[in-house]
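FYI, the numbering just counts along the sequence from 1. Note that these values count all heavy atoms, side chains included, but never hydrogens, waters or copies made by symmetry.
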Amino acid sequence: MTLPFDPDDLDGDDFGEKRATLEMDHEAAIEHVREVCADVGFGFPVEFSPSEMLNEKVDADRDPYYVLGACNPAVADRALDATDGRIGSLFPCNMVIEQVEPGRQVVHHVSIMKIARLLGLPSDDEGMDAIVEDTGEMVGEVFERLED
């Protein structure tokens with residue numbers, strides 16, 4: 001399969017990559033990220049621990065790794081319209097909390113809105129531009145608050 005772009009030509013800004021390091025235990029980091037995201041306007045229709053599942057199912061011995069599936073319903077509704085419903089396969093916008101060592105967590109996010117644009121999903125470019133801007137501001141605020 002050939003991609004419509006060379007992945008080596010991309011940097012984190014192209015797909016909205018954000019990272020923050022939190023000096024706290026894993027459970028406290030999950031709660032902190034959940035609270036900050038909620039304050040900015042995200043809800044969580046789904047959340048799960050891939051590490052717990054993999055450790056249980058295939059004895060993976062993974063360190064704590066948690067996914068908060070964040071969603072702002074008004075933005076999700078606009079994004080479905082701007083992509084003729086196709087962006088739904090990328091929902092929700094995930095915030096990942098990964099323990100890199102005890103007492104240190106990395107929070108990671110990539111923009112599904114920017115990824116949808118890279119994949120050519122928008123049918124309404126102007127609408128998608130506004131969505132990318134709006135979600136970028138919201139996620140930017142989340143990461144500013146996490147780093148405070």
Side-chain angles (χ1 to χ4, degrees), residues 5 7 9-57 60-148:
F5 53 85
D9 292 341
L10 300 177
D11 66 26
D13 287 340
D14 294 325
F15 50 90
E17 183 176 42
K18 300 275 189 196
R19 287 182 175 270
T21 300
L22 303 177
E23 302 293 335
M24 58 183 70
D25 74 27
H26 191 68
E27 292 301 319
I30 293 168
E31 288 307 312
H32 182 60
V33 173
R34 185 184 286 119
E35 289 170 9
V36 170
C37 286
D39 287 347
V40 172
F42 290 105
F44 307 98
V46 65
E47 53 185 276
F48 63 103
S49 173
S51 59
E52 285 181 13
M53 186 230 2
L54 294 170
N55 290 346
E56 179 184 315
K57 301 288 185 186
D61 193 32
R62 294 202 169 266
D63 290 331
Y65 188 101
Y66 201 82
V67 178
L68 286 171
C71 181
N72 177 289
V75 174
D77 185 52
R78 289 169 47 208
L80 285 168
D81 287 343
T83 62
D84 295 329
R86 297 184 301 161
I87 198 168
S89 61
L90 298 175
F91 281 171
C93 300
N94 291 325
M95 296 284 179
V96 174
I97 301 100
E98 178 181 9
Q99 180 172 286
V100 291
E101 62 184 63
R104 178 174 280 178
Q105 316 303 314
V106 171
V107 182
H108 182 257
H109 169 81
V110 295
S111 169
I112 65 167
M113 304 306 174
K114 286 188 172 188
I115 290 170
R117 178 166 296 294
L118 286 170
L119 296 175
L121 295 183
S123 54
D124 176 357
D125 285 330
E126 226 175 84
M128 197 63 175
D129 287 344
I131 293 165
V132 167
E133 184 176 330
D134 292 347
T135 57
E137 289 173 7
M138 292 174 72
V139 169
E141 186 175 342
V142 166
F143 277 84
E144 283 176 20
R145 290 183 183 195
L146 289 177
E147 293 172 347
D148 286 342

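By the 6.0 Å contact criterion, CD on Glu126 is open, its count of non-hydrogen atoms from other residues, nucleotides or ligands being 12 or less. The number of heavy-atom neighbours closer than 6.0 Å to CZ of Arg62, taken from other residues, nucleotides and ligands shown, is 12 or below.
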Just distance, no hydrogens or angles: give the donor-acceptor pairs under 3.5 Å from side chains in residues 93-101, sequence neighbours left out.
none

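Rounded to the nearest 0.5 Å, atoms CD (Glu137) and CD (Glu144) are 10.5 Å apart. Atom CG of Leu119 and atom CG of Leu90 lie 6.5 Å apart (nearest 0.5 Å). Note that the NZ atom of Lys18 and the CG atom of Leu146 stand 11.5 Å from one another [nearest 0.5 Å].
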side-chain contact (heavy atoms from CB on, under 4.5 Å) for Val33 and Leu22? Distances and angles first, verdict last. CA-CA 10 Å; Val33 173; Leu22 303 177; 4.0 Å; yes
Could you walk me through whether Asp124 and Asp81 pass side-chain contact (heavy atoms from CB on, under 4.5 Å), step by step? CA-CA 8 Å; Asp124 176 357; Asp81 287 343; over 6 Å; no
Does Phe15 form a side-chain contact (heavy atoms from CB on, under 4.5 Å) with Met113? I'd like the steps, not just the answer. CA-CA 8 Å; Phe15 50 90; Met113 304 306 174; over 6 Å; no
Residues Val110, His108; criterion side-chain contact (heavy atoms from CB on, under 4.5 Å); working and verdict: CA-CA 7 Å; Val110 295; His108 182 257; 3.7 Å; yes
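In this structure the side chain of Cys37 reaches within 4.5 angstrom of the side chain of Phe44, judged on heavy atoms. Val107 is not listed as a side-chain neighbour of Arg19, based on a closest heavy-atom distance of 4.5 Å or more. Contact annotation: the side chain of Asp125 approaches that of Arg117 to within less than 4.5 Å [non-hydrogen atoms, C-beta and beyond]. Here the side chains of Ile30 and Arg34 are in contact, with some heavy-atom distance below 4.5 Å. Between Phe42 and Val142 the shortest side-chain heavy-atom distance falls below 4.5 Å.
For the pair Asn72 (side chain) and Gly41 (backbone), a donor-acceptor distance under 3.5 Å is present. Proximity of a side-chain donor or acceptor of Asp77 to a complementary backbone N or O of Pro73 within less than 3.5 Å is not detected. Between the side chain of Ser111 and the main chain of Gly136, no donor-acceptor pair closer than 3.5 Å is present.
Smallest separation of non-hydrogen atoms from Ala116 and Ile87: CB-CD1, 3.8 Å. For the residue pair Ala82 and Gly127, the shortest heavy atom distance occurs at CB-C, 4.5 Å. Here the closest heavy-atom approach between residue Thr21 and residue Glu23 is recorded as CG2-OE2, 3.8 Å. Between Pro92 and Ala70, the closest heavy-atom pair is CB-O, 3.5 Å. Across every non-hydrogen atom of Tyr65 and Pro50, the tightest pair is O-CD, 3.3 Å. Minimum heavy-atom separation, Pro122 to Arg86: N-NH2, 4.2 Å.
Side-chain atoms of Gln105 and His32 include no donor-acceptor pair closer than 3.5 Å.
The side chain to side chain contact (heavy atoms under 4.5 Å, CB included) search around Asp14 returns Leu10, Asp11, not counting sequence neighbours.
Taking the charged nitrogens against the carboxylate oxygens, Lys114 and Asp13 have no contact shorter than 4.0 Å, which rules out a salt bridge.
Relative ring orientation between Phe143 and His109 is described as tilted, the plane-to-plane angle lying within the 30° to 60° band.
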